[in-house]
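Excluded from the calculations below are hydrogen atoms, water molecules and symmetry mates; all remaining heavy atoms, backbone and side chain alike, are included. Convention: sequence-line order gives letters A, B, ...; per-chain numbering from 1.
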Protein chains: 2
Amino acid sequence: MSKCESCIIKEFNSLKSLTREELMRVSACKTGKVYKKGHVIFEEGETLNGVYCVRSGVCKLTKLSENGKDQVVKLVVKGDLLGKRSLVSDQKTNLSAVALNDMEMCFIPKSEIMSDLSKNPKFTMDVLREMASDLKESDESLVNMAQKSVKRRMAEILMYSHDNFGTDNEDYLSIVLSREDYASIVGTATESAIRILSQFKKEGLISTQGKRIKVEDYNSLKWIE
Amino acid sequence: MSKCESCIIKEFNSLKSLTREELMRVSACKTGKVYKKGHVIFEEGETLNGVYCVRSGVCKLTKLSENGKDQVVKLVVKGDLLGKRSLVSDQKTNLSAVALNDMEMCFIPKSEIMSDLSKNPKFTMDVLREMASDLKESDESLVNMAQKSVKRRMAEILMYSHDNFGTDNEDYLSIVLSREDYASIVGTATESAIRILSQFKKEGLISTQGKRIKVEDYNSLKWIE
DNA sequence: ATGATAACATGACAAATATCATATTTTTTT
DNA sequence: AAAAAAATATGATATTTGTCATGTTATCAT
């Protein structure tokens with residue numbers, strides 16, 4: 001497993017602000033973890049005692065609603081730091097994390113990184129910045145959820161997936177999600193999600209092969225209300 | 001105007017983690033601001049160059065949706081620090097703030113407080129903790145918005161107002177909001193908000209006098225689906 | 001106090017979404 | 001490859017929510 005000092009992934013998150021010495025210490029105590037698609041990384045209510053640095057793959061952060069349905073709060077991808085909140089609070093995590101792909105991550109124990117958080121202001125500011133950006137994103141999701149139609153939200157997640165995770169060599173979206181996942185991202189019933197995707201298909205906006213989805217008419221998706 | 005060192009309000013936010021010397025410096029450069037009900041404190045897209053410490057009153061943080069409707073993202077009350085995000089990012093603010101009451105706040109210029117943020121780890125950690133807690137709250141709001149009915153959300157905001165802002169001497173909710181505000185908190189059409197409140201009234205869950213609302217049957221509100 | 005304005009209320013209807021039932025297809029297991 | 005299980009698809013229908021119209025009440029400025 002590569003050393004943190006020379007790992008390219010860290011450039012995408014606040015670990016890049018650690019000094020070489022700090023990185024070497026972190027590197028010495030990190031653990032490599034591999035999760036298969038569908039594997040539960042942690043569950044709502046657990047105590048996290050560290051952060052995960054995502055090297056490859058994608059996972060969903062979900063929260064169980066009172067009605068028994070899961071809601072996807074965020075998709076976490078390569079370069080993201082998972083579990084930042086555990087660094088500043090001893091509370092149990094309010095979210096579950098489930099791998100949507102096969103994933104590789106590095107786990108860094110809280111104890112090891114806490115000292116850096118109090119001694120390296122550059123690092124702290126960077127974590128703060130990441131957190132602020134998460135918060136901004138979250139506000140935006142809230143507004144989307146409150147003010148946009150299910151169809152619109154579905155169009156947006158398709159475009160989001162296209163823009164952020166790209167496509168395979170046949171132009172299908174790289175991230176393959178079940179209809180149930182789409183439903184719980186968009187916040188609707190599974191049947192409604194299925195129905196909307198079927199409609200998009202009929203209208204030629206997308207095509208599908210099994211559960212794989214290809215965006216055929218990105219521009220029309222943009223204008224869906 | 002009272003000095004920060006001796007101000008009780010700061011105990012509710014991360015300013016309490018500043019040293020006495022830091023507080024004195026902050027105090028020297030702060031500006032007292034008074035806003036009347038309805039006044040716009042700042043608007044989406046503005047550049048904030050400081051934070052507001054709320055001494056009294058309540059304001060709403062809103063974000064304009066693409067459909068032209070405002071969505072309330074958070075209610076900010078006594079003790080809260082407004083504009084934390086401006087400290088860590090030079091981006092324009094993504095939210096507007098509008099006073100719902102007459103308000104008193106202190107404005108602390110960014111320039112003055114930034115040095116503390118990089119030199120006083122206790123303070124930084126505290127800001128980080130507040131931000132983390134905001135993020136958690138925001139996740140919860142997202143799930144509520146996505147998974148609960150409008151009626152349920154309305155019941156919850158009434159209980160929230162009751163629990164967090166209390167009642168006047170006649171048991172009416174202290175925070176008086178227009179139906180339009182309720183609609184934009186709950187994320188629905190104004191007419192729908194009105195209808196639901198009327199229904200609650202008919203069912204004896206609340207009573208109203210003008211725009212003032214009294215919770216008559218808290219327990220039943222809890223069980224609304 | 002009074003007219004003007006904004007906020008509230010409610011009916012009628014349309015549109016969006018959820019729910020339940022039941023096929024059909026895809027994926028997994030044996 | 002066949003059987004079983006899971007996921008997807010779709011119809012029928014109920015419920016929720018939005019929209020437009022219109023009337024009423026409260027609030028504000030003069």
**Item:** Angle of first-five versus last-five pair axes in the helix from C/dA1-D/dT30 to C/dT30-D/dA1, to 10 degrees
**Value:** 60°

**Item:** Atom-pair distance (CD on B/E191; P on D/dT16), nearest Å
**Value:** 19 Å

**Message:** Which is more 5' along DNA chain C, the nucleotide nearest B/R179 or the one nearest A/S192? Just name the residue.
**Reply:** B/R179

**Message:** Checking side-chain polar atoms at under 3.5 Å, does B/E180 have a donor or acceptor matched by the opposite partner on B/T190?
**Reply:** no

**Request:** Give B/K201 one of three labels, base, sugar-phosphate or nothing, depending on what nucleic acid heavy atoms sit under 4.0 Å from its own.
**Result:** sugar-phosphate

**Prompt:** For A/A146 and A/G210, take the nucleotide of DNA chain D holding the closest heavy atom to each; which residue's nucleotide lies nearer the 5' end?
**Reply:** A/G210

**Request:** Enter the distance from A/M103:CE to A/S56:OG here, rounded to the nearest 0.5 Å.
**Result:** 7.0 Å

**Fill in**
To the nearest angstrom, the CD1-P distance between A/I224 and C/dA16 comes to 12 Å

**Request:** Could you check if a side-chain atom of B/I9 sits within less than 4.5 angstrom of a side-chain atom of B/K78, using non-hydrogen atoms only?
**Result:** yes

**Prompt:** So what does A/T190 touch, heavy atoms closer than 4.0 Å: a base, only the sugar-phosphate, or nothing?
**Reply:** nothing

**Request:** Send over the distance from B/L197 CG to D/dT17 P, rounded to a whole Å.
**Result:** 14 Å

**Separation of atom CZ in B/R152 from atom C1' in C/dT17, rounded to whole Å** = 20 Å

**B/S207 side chain to B/E216 side chain, donor-acceptor N/O pair below 3.5 angstrom** = yes

**Fill in**
The reported gap from CZ in B/R85 to CG in B/N94 (rounded to nearest 0.5 angstrom) is 4.0 Å

**Rounded distance (Å) that lies between atom P of C/dT19 and atom CZ of A/R195** = 12 Å

**Item:** A/R153 CZ - C/dA16 P separation (whole Å)
**Value:** 13 Å

**Message:** What's the closest nucleotide to the side chain of A/V150 if the choices are C/dT17, D/dT10, C/dC8?
**Reply:** C/dT17

**Fill in**
One should read off an interatomic distance between A/L75 CG and A/T62 OG1, to the nearest 0.5 angstrom, of 11.0 Å

**Asked** Whole Å only: how far is the NZ atom of A/K211 from the P atom of C/dT28?
**Response** 8 Å

**Request:** Select base, sugar-phosphate, or nothing to describe what A/K69 touches, counting heavy atoms under 4.0 Å on all strands.
**Result:** sugar-phosphate

**Whole-Å distance separating the CZ atom of B/F200 from the C1' atom of C/dA9** = 16 Å

Under 3.5 Å, side-chain donor or acceptor atoms of residues 191-202 of chain A against the rest of the protein: list the pairs with distances, not counting sequence neighbours.
unit_1	atom_1	unit_2	atom_2	d
A/S198	OG	A/I194	O	2.9
A/Q199	NE2	A/E203	OE2	3.0
A/K201	NZ	A/T208	OG1	3.1

